[in-house]
Amino acid sequence: MKRRTKIVVLGSALLLTAGAASAATASDAPRERTTASDAPRQREAAALTGTAKLYRSAGDDITFSFDAHLAAEDKADPSKATGTFEFSHYLNGEGARAEVKVDCLLTGGKVAVVSGVVTDSDLPGAKGKRIGVTVHDLGRHDRLGYSWASTGSPVDTKGLPKCVSSAPFEKVAKGTGDFTVVPWQPEL
């Protein structure tokens with residue numbers, strides 16, 4: 001045999017021997033028990049996360065942040081969504097903020113509608129009100145809408161059902177849109 005062929009054959013034999021030894025060692029080793037936490041993680045049914053500032057030519061400082069999730073096992077019921085979202089709106093040092101506990105999350109493609117009840121706010125009359133927000137995840141050009149678009153204030157929204165909002169008519173400020181929508185895929 002030529003020298004090059006001998007080296008290839010010898011190398012292959014060494015690899016086969018090493019592989020067999022590894023397999024024998026692995027099969028002789030005590031087996032670890034697997035638990036549910038070791039199982040591959042199932043994709044959540046839907047999600048809306050991220051933070052962005054809205055664009056306003058008058059200089060309003062409006063920020064929305066989301067951390068809303070629908071677990072895989074709750075895929076058939078968007079009202080089992082969990083998480084929070086918050087928003088603030090200030091202009092010339094005046095305004096308000098609110099924290100909201102999520103009570104519904106629906107997503108389709110790159111659009112999400114999330115609703116919840118205000119749990120903390122410095123806007124008089126907002127605490128306990130249900131509000132909704134719509135997000136369109138367009139990469140660096142995300143859009144957003146909210147249930148009080150036609151009333152002017154979350155306080156003026158009366159009897160809003162879960163997962164209801166307006167079209168995403170607002171633009172986010174350049175460089176701030178990082179919303180991520182995980183699309184809901186219900187069994188129909």
_Using the salt bridge (charged side-chain N to carboxylate O under 4.0 Å, His left out) criterion, which residues pair with Lys110? Sequence neighbours excluded._
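Counting only residues at least two positions away or on another chain, Lys110 forms a salt bridge (charged side-chain N to carboxylate O under 4.0 Å, His left out) with Asp137.
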*Sequence neighbours excluded, which residues qualify as salt bridge (charged side-chain N to carboxylate O under 4.0 Å, His left out) partners of Asp60?*
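Partners of Asp60 under the salt bridge (charged side-chain N to carboxylate O under 4.0 Å, His left out) test: Arg56.
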Do [X] and [Y] belong together in a cluster built from hydrophobic side chains that touch within less than 4.5 Å?
| X | Y | answer |
| --- | --- | --- |
| Leu54 | Ile131 | yes |
| Leu144 | Trp148 | yes |
| Val113 | Val100 | no |
| Val118 | Val133 | yes |

*Apart from Tyr90 itself, which Ile, Leu, Val, Met, Phe, Trp or Tyr residues share its cluster (side-chain heavy atoms under 4.5 Å, direct or through members)?*
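Besides Tyr90, the hydrophobic cluster comprises nothing; the residue is isolated.
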*Which ILVMFWY residues are connected to Val164, directly or by a chain of links, through side-chain heavy atoms under 4.5 Å apart?*
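Members other than Val164 - counting any ILVMFWY side chain reachable under 4.5 Å - are Leu160.
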State which residues pass side chain to side chain contact (heavy atoms under 4.5 Å, CB included) with [X]; sequence neighbours excluded, sorted by chain then number.
| X | answer |
| --- | --- |
| Asp103 | Ser115, Val117, Arg130, Lys162 |
| Glu99 | Glu86, Arg97, Thr119, Asp120 |
| Ala96 | Asp122, Leu123 |
| Lys75 | Ala45, Trp184, Glu187 |

*Just do the side-chain contact (heavy atoms from CB on, under 4.5 Å) check on Phe87 and Ile62 with the steps written out, would you?*
CA-CA 7 Å; Phe87 64 93; Ile62 306 170; over 6 Å; no
*Tell me the disulfide bond (SG atoms under 2.5 Å apart) pairs involving residues 46-78, sequence neighbours left out?*
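Applying disulfide bond (SG atoms under 2.5 Å apart) to every pair that reaches into residues 46-78, excluding sequence neighbours, yields nothing.
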*Please collect all disulfide bond (SG atoms under 2.5 Å apart) contacts where either partner lies in residues 94-171, sequence neighbours excluded, each pair once.*
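Those involving residues 94-171 are Cys104-Cys163.
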Strictly distance-based, threshold 3.5 Å: is any side-chain N or O of [X] a donor or acceptor partner for the main-chain N or O of [Y]?
| X | Y | value |
| --- | --- | --- |
| Ser166 | Ala149 | no |
| Asp77 | Asp74 | no |
| Asp178 | Thr51 | yes |

*Yes or no on side-chain contact (heavy atoms from CB on, under 4.5 Å) for His136 and Leu138, after CA distance, side-chain angles and deciding distance?*
CA-CA 6 Å; His136 192 180; Leu138 295 168; 3.4 Å; yes
*Only counting residues at least two apart or in another chain, list the ones meeting ring pair (Phe, Tyr, Trp, His ring centres under 6.0 Å) with Phe169.*
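In terms of ring pair (Phe, Tyr, Trp, His ring centres under 6.0 Å), with neighbours along the sequence ignored, Phe169 is linked to Tyr146.
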*With sequence neighbours excluded, what pairs up with Phe66 under the ring pair (Phe, Tyr, Trp, His ring centres under 6.0 Å) test?*
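Phe66: ring pair (Phe, Tyr, Trp, His ring centres under 6.0 Å) contacts with Phe85, Phe179.
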*Full working for side-chain contact (heavy atoms from CB on, under 4.5 Å) between Leu48 and Thr180*: CA-CA 6 Å; Leu48 170 59; Thr180 301; over 6 Å; no
*Side chains of Thr49 and His69: closer than 4.5 Å at any heavy-atom pair?*
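Sidechains of His69 and Thr49: in contact.
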